[in-house]
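Remarks on the structure that follows.
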Amino acid sequence: MRTLSLLAALLGGSALPLTAQVPRDSAFGPIAAVPDDGQRLFESQCTRCHGVGGTGGVAPALNRPTLRRAPTDEALVQVILGGVPGTAMVAFWNLSADEAKSVALYIRALGRRPPEVLPGDPALGRALYEGAGGCGTCHVLDGRGAGWAPDLSDVGIRLSGAQLRQSLVEPGAAQPISPLPSVHGPYPAYLAVEATTSAGRVLRGTRVTEDDFTLVLRAADGTLHSLDKTRLRRLRKTPGQSPMPSYAATFSADELDHLVAYLASRKGAP
Ligand code: HEC
Ligand code: HEC
């Protein structure tokens, strides 16, 4: 998989017709007819991005009755085998068509579970988001806000209630994965870096992209700096550190419930 993404990167990404590799099964029978190793496969290959039980994580929750990119069972199998080009959802070429069907079956079963019930009031949460939280200075939501932090318009389908709460009180604990192709596999999109130039200037911010020679850093004010790695005196990376402040002390437990309820209600365009 890594060699292939390296190849894709060398070829400029677009030269590999990703979906053309998908074995097309003309006799795509009813999905319920496949053996039940779907859960095992899901847990070994998918939970690190989609969460245990498909409750979401760095990738969208899959425990929903309808999936945007997979309206039909056949489309679901196609997404698994072909990936979503240009995102961290890679093509799972290592799965056979039958294995992909059992994973699809498991995902559909997750979608039939009852939805999560959350205690907070979304309207009160919205007031905190737009007021005291100051969230719009970094995040975009429904097209409003400043914007280099993750877009929160569909965060309610990507993260469960527990994960939303964790984002607020323990930012950086589970950072989103960058959608950009990387020869080293998926990497966090907002890694904290501190670079000391040969002239002794210290730059702090988050990593936007990096290869063997160059690192692009975004400072807190949004300015991008392209740094020649071979000429840096020091480069320090701090995984798990977030530019987002923790709101554990800012908001009461009830207020956090309201914010979580508001975020959970953000499900993007239908
Ligand atoms: C490296 C992280 C990663 C892994 C591992 C991963 N996915 Fe994904 N997946 C994503 C991302 C990111 C998206 C969202 C792509 C988009 O639409 O922008 C996604 C989207 C999807 C979708 C479409 C969801 C929708 O709302 O339509 C399905 C279905 C899916 N993945 C299934 C799987 C399955 C099954 C596995 C395991 C075999 C898997 N994924 C493994 C990152 C991952
Ligand atoms: C100083 C900028 C900043 C402010 C202010 C800020 N955030 Fe964030 N937030 C970020 C960054 C950067 C990330 C991604 C890195 C991470 O998860 O640590 C993030 C991640 C998140 C996530 C997880 C998103 C995902 O896709 O995984 C949620 C939810 C979130 N913020 C909600 C909020 C809310 C609600 C507020 C206001 C109460 C807020 N943020 C204030 C910068 C900010």
Side-chain angles (χ1 to χ4, degrees), residues 1 38 41-51 54 56-62 64 66-71 75-81 83-92 94-95 99-100 102-104 106-108 110-111 125-126 128-139 141 145-159 163-179 182 185-192 205-206 218 220 222 239-247 250-251 255-256 258-260 262-264 266-268:
M1 198 92 70
L41 289 167
F42 187 87
E43 277 163 8
S44 64
Q45 320 248 355
C46 321
T47 48
R48 72 189 166 93
C49 291
H50 289 284
V58 297
L62 300 176
R64 293 176 284 133
T66 46
L67 297 175
R68 199 170 304 168
R69 297 205 187 264
L76 179 52
V77 173
Q78 292 284 326
V79 167
I80 296 168
L81 292 172
V84 182
T87 76
M89 178 63 200
V90 291
F92 282 85
N94 57 324
L95 296 180
E99 286 171 330
S102 12
V103 175
Y106 175 65
I107 292 174
R108 290 301 189 217
L110 294 175
R126 179 176 180 168
L128 293 169
Y129 181 96
E130 288 169 357
C135 318
T137 55
C138 297
H139 290 282
L141 201 163
W148 51 271
D151 190 314
L152 299 178
S153 310
D154 66 350
V155 76
I157 59 173
R158 289 188 291 112
L159 303 183
Q163 289 170 314
L164 287 169
R165 182 176 273 268
Q166 185 189 41
S167 308
L168 299 175
V169 299
E170 219 185 324
Q175 294 191 312
I177 286 186
S178 171
S182 160
Y187 59 91
Y190 296 89
L191 182 71
T206 48
R218 189 190 328 263
Q241 198 183 81
S242 177
M244 173 166 157
S246 165
Y247 289 87
T250 320
F251 292 129
E255 287 173 325
L256 287 170
H258 300 325
L259 261 175
V260 167
Y262 174 56
L263 295 170
R266 303 295 85 204
K267 295 179 191 286

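Computed from a predicted structure; not experimentally measured. Ligands are counted one by one from 1 in listed order, and the atoms in each one are counted from 1 as well.
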Is any N or O atom of R48, backbone or side chain, closer than 3.5 Å to an N or O atom of ligand 1? no
CG of L259 to CG of L128: how many Å apart, nearest 0.5 Å? 5.0 Å
List ligand 1 atoms under 4.0 Å from I107, heavy atoms only on the residue side. 35 (C)
side-chain hydrogen bond (donor to acceptor under 3.5 Å, both in side chains) filter on Q45, not counting sequence neighbours, yields N94
Measuring to atom 8 (Fe) of ligand 1, does C49 have an N/O/S atom at a distance below 2.8 Å? no
Going by heavy atoms in the side chains, are P239 and L191 under 4.5 Å from each other? yes
With a 4.5 Å limit on heavy-atom distance, are the side chains of Q163 and V155 in contact? no
For atom 8 (Fe) of ligand 1: the N/O/S atom of H50 at shortest distance: NE2
Do Y262 and C135 have side chains that get closer than 4.5 Å, going by heavy atoms? no
Of the backbone atoms (N, CA, C, O) and the side-chain heavy atoms from C-beta on, which set of L76 has a member under 4.0 Å from an atom of ligand 1: side chain, backbone, both, or neither? side chain
Should the proximity of C46 to ligand 1, defined as any heavy atom under 4.0 Å, be assigned to the side chain, the backbone, both, or neither? both
Using a 4.0 Å heavy-atom cut-off, which part of L62 comes near ligand 1: side chain, backbone, both, or neither? side chain
Using a 3.5 Å cut-off on N/O to N/O, what pairs does ligand 2 make with the protein? A line per pair would be great.
unit_1   : atom_1 : unit_2 : atom_2 : d
ligand 2 : 7 (N)  : H139   : NE2    : 2.8
ligand 2 : 9 (N)  : H139   : NE2    : 2.8
ligand 2 : 18 (O) : G172   : N      : 3.3
ligand 2 : 18 (O) : Q175   : NE2    : 3.0
ligand 2 : 18 (O) : S242   : OG     : 2.6
ligand 2 : 26 (O) : R158   : NH1    : 2.6
ligand 2 : 26 (O) : R158   : NH2    : 3.2
ligand 2 : 31 (N) : H139   : NE2    : 2.9
ligand 2 : 40 (N) : H139   : NE2    : 2.9

With rounding to the nearest 0.5 Å, note down the distance linking CG in L263 to CZ in R165. 11.5 Å
Do any N/O atoms on T87 end up under 3.5 angstrom from N/O atoms on ligand 1? no
In Å and rounded to the nearest 0.5 Å, what is the CG to CG distance from L41 to L95? 6.0 Å
Any atoms of ligand 1 less than 4.0 Å from a non-hydrogen atom of V79? List them with their elements. 22 (C), 28 (C), 29 (C)
Pairwise distance OG1(T206) to CE(M244) - rounded to 0.5 angstrom: 14.0 Å
Taking heavy atoms and a distance under 4.0 Å, where does V90 meet ligand 1: side chain, backbone, both or neither? neither
What are the atoms of ligand 1, with element, lying closer than 4.0 Å to any heavy atom of L67? 25 (C), 27 (O)
Is any side-chain heavy atom of H50 less than 4.5 Å from a side-chain heavy atom of F42? yes
CE of M89 to SG of C46, rounded to nearest 0.5 Å, is 7.0 Å
Less than 4.5 Å apart, any side-chain heavy atom of Y129 and any of H139? yes
Please state which part of I80 comes within less than 4.0 Å of ligand 1, counting heavy atoms only: side chain, backbone, both or neither. side chain
Answer yes or no: is there a donor N or O on one side and an acceptor on the other, between the side chain of Y190 and the main chain of P243, under 3.5 Å? no
For L41, is the nearest heavy atom under 4.0 Å from an atom of ligand 1? no
To the nearest 0.5 angstrom, please state how far the CG atom of L164 sits from the CG atom of L159. 5.0 Å
Under 3.5 Å between some N or O of ligand 1 and some N or O of Q45? no
Atoms in ligand 1 flagged as close to V103, the criterion being non-hydrogen separation under 4.0 Å: 35 (C)
